[in-house]
> 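Please see the structure below; I have some questions.
Worth knowing before you read on, the calculation uses all heavy atoms, side chains too, and leaves out hydrogens, waters and symmetry mates. If you're wondering where the values come from, they're calculated on a predicted model, not measured in any experiment. Counting starts at 1 for both ligands and their atoms, following the listed order.
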Amino acid sequence: MTIFVTGGAGFIGGNFVHYHLREHPEDRVVCIDKLTYAGNLSTLAPVMDNPHFRFVKLDICDREGVMALFEEEKPDVVINFAAESHVDRSIEDPGIFLQTNIIGTATMMDACRAFGNVRYHQVSTDEVYGDLPLDRPDLFFTETTPIHTSSPYSSSKAGADLLVMAYYRTYGLPVTISRCSNNYGPYHFPEKLIPLMIANCLNNKPLPVYGEGKNVRDWLYVEDHCKAIDLIVRKGTIGEVYNVGGHNEMANIDIVKLIIKELGKDESLITYVTDRKGHDLRYAIDPTKIHNELGWLPETKFADGIKKTIQWYLDNRSWWEEIISGEYQNYYDKMYGNR
Ligand code: NAD
Ligand code: TYD
């Protein structure tokens, strides 16, 4: 089987490429990535020489380039991870989010249609459901929770999801969608909460906590997400949405304090900064459907996953130090300089 993985030079796509080549060595994996600021070829360095792997630098919005690659490779499955993924960047500049996340999704699905209705999986997010109140721990996102977005990022992902379901109904394209909670693990770009706090701690820099740090996220180890996607692609029901996540809700401030403790630093590094505009309060997934239908459950406990993740950042300093020493510094100054 030939699988197209878009966005495979990013965090989750990169982990998925490694997972897939390990678990299904008989498959051919073709990674399509534009190599934006978030794409990093060093994430793929360990598999670059694998004869079952090919990397192609390509924008998923480049219709001609995408069609030509379909013609050449004749994929059996397309898994679309490629996206602009950072909420804060979407607040600063929404345009590229609409382009990549919506137009890019449509372009990939058009190619799937043009080449015999290729099986298509959309990697989406729980953020399409908006947020839940902090004082209602009994509420969770299910697959029937209405779409109700807060940020340009989540709106662009929701727009893509609506298109995916429209292509299913209108053209019969064999699609599935997974909506996952916040991931953490190796190769996570240091603009996101967990790697940012690890990197800043290691550099003894202030730890910028938005608002009062009470917002809650439901954290999932990235490999558990990869397993869920693999299961959905192989055994999921066409035309269905699956929520992925699992009862691991934590307030941001508790995550930051845990990282400080693990790294033997001092809580005086914590700096409360101006809150994110439109900041979602709480995300919490109900994974009953994927559990009942596909037998999926998260396997990595947060206490173990966060230790493994911190150790990875300690063991792979050059991976993230190279990122934060470049253009990232301008981003950081702009976002956090006067916050
Ligand atoms: P990321 O920002 O780390 O990586 C995105 C990758 O996509 C990068 O390699 C980038 O170069 C590539 N890319 C961007 N625009 C492209 C384009 N036009 N054409 C081709 N490649 C392009 O993102 P991530 O955190 O790995 O997220 C992957 C997917 O998972 C996204 O669709 C995101 O919405 C979704 N998701 C992420 C999380 C999370 O916690 N990170 C949770 C749920 C869902
Ligand atoms: P993030 O990793 O950007 O993921 P998302 O917004 O998609 O959930 O942020 C996770 C939480 O951490 C979110 O509530 C915002 C907060 N946060 C901070 O407090 N400080 C930071 O520097 C960052 C990047 C995020």
> Under the rule for side-chain contact (heavy atoms from CB on, under 4.5 Å), what residues qualify as partners of Pro174, not counting sequence neighbours?
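Per chain and number, Pro174 pairs via side-chain contact (heavy atoms from CB on, under 4.5 Å) with Asn117, Arg119, Ile238.
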> Please determine if Lys308 forms a cation-pi arrangement with Tyr184, meaning its NZ or CZ atom is less than 6.0 Å from the six-membered ring centre and no more than 45° off the ring axis.
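No, Lys308 does not lie over the aromatic ring of Tyr184.
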> Looking at Tyr210, is Arg276 sitting on its ring face, NZ or CZ under 6.0 Å from the six-membered ring centre and within 45 degrees of the normal?
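Here Arg276 fails the 6.0 Å and 45° test against Tyr210.
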> Which atom pairs, nitrogen or oxygen on both sides, join ligand 2 and the protein at under 3.5 angstrom?
residue	atom	partner	partner atom	Å
ligand 2	2 (O)	Leu193	N	2.9
ligand 2	3 (O)	Arg276	NH2	3.0
ligand 2	4 (O)	Asn182	ND2	3.4
ligand 2	6 (O)	Arg276	NH1	2.5
ligand 2	6 (O)	Arg276	NH2	3.3
ligand 2	7 (O)	Glu127	OE2	2.6
ligand 2	8 (O)	Asn182	ND2	2.9
ligand 2	8 (O)	Arg217	NE	2.7
ligand 2	12 (O)	Asn252	ND2	3.3
ligand 2	14 (O)	Arg217	NH2	3.2
ligand 2	14 (O)	Asn252	ND2	2.8
ligand 2	14 (O)	His279	NE2	2.6
ligand 2	19 (O)	Tyr210	N	2.9
ligand 2	20 (N)	Pro208	O	2.8
ligand 2	22 (O)	Pro208	O	3.3
ligand 2	22 (O)	Tyr336	OH	2.7

> Any chance you could measure Leu220, atom CG, to Ile12, atom CD1, to the nearest 0.5 Å?
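Leu220 CG to Ile12 CD1: 9.0 Å, rounded to 0.5 Å.
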> When Asn252 is tested against each of Ile194, Val216, Leu193 for side-chain contact (heavy atoms from CB on, under 4.5 Å), which residue passes?
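Exactly one pass, corresponding to Leu193.
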> Keeping to residues at least two apart or across chains, list the ring pair (Phe, Tyr, Trp, His ring centres under 6.0 Å) pairs with something in residues 125-152.
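For residues 125-152: Tyr129-Phe141, Phe140-His247.
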> Take the angle between the ring planes of Trp312 and Trp319 and call it parallel below 30°, perpendicular above 60°, tilted in between.
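Trp312 vs Trp319 ring planes: perpendicular.
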> For Pro208 versus Asn200, what's the shortest heavy-atom pair and its separation?
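Taking Pro208 first and Asn200 second, the nearest heavy atoms are CD-ND2, 3.9 Å.
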> Do Glu143 and Arg179 meet the salt-bridge criterion of a basic N to acidic O distance under 4.0 Å?
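The answer is no: the pair does not qualify as a salt bridge.
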> For ligand 1, what is the set of protein residues having any non-hydrogen atom at a distance below 4.0 Å?
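Close residues (ligand 1, cut-off 4.0 Å): Gly7, Ala9, Gly10, Phe11, Ile12, Asp33, Lys34, Leu35, Thr36, Ala38, Gly39, Leu58, Asp59, Ile60, Phe81, Ala82, Ala83, Ser85, Thr100, Val123, Ser124, Thr125, Tyr153, Lys157, Cys180, Ser181, Asn182, Asn183.
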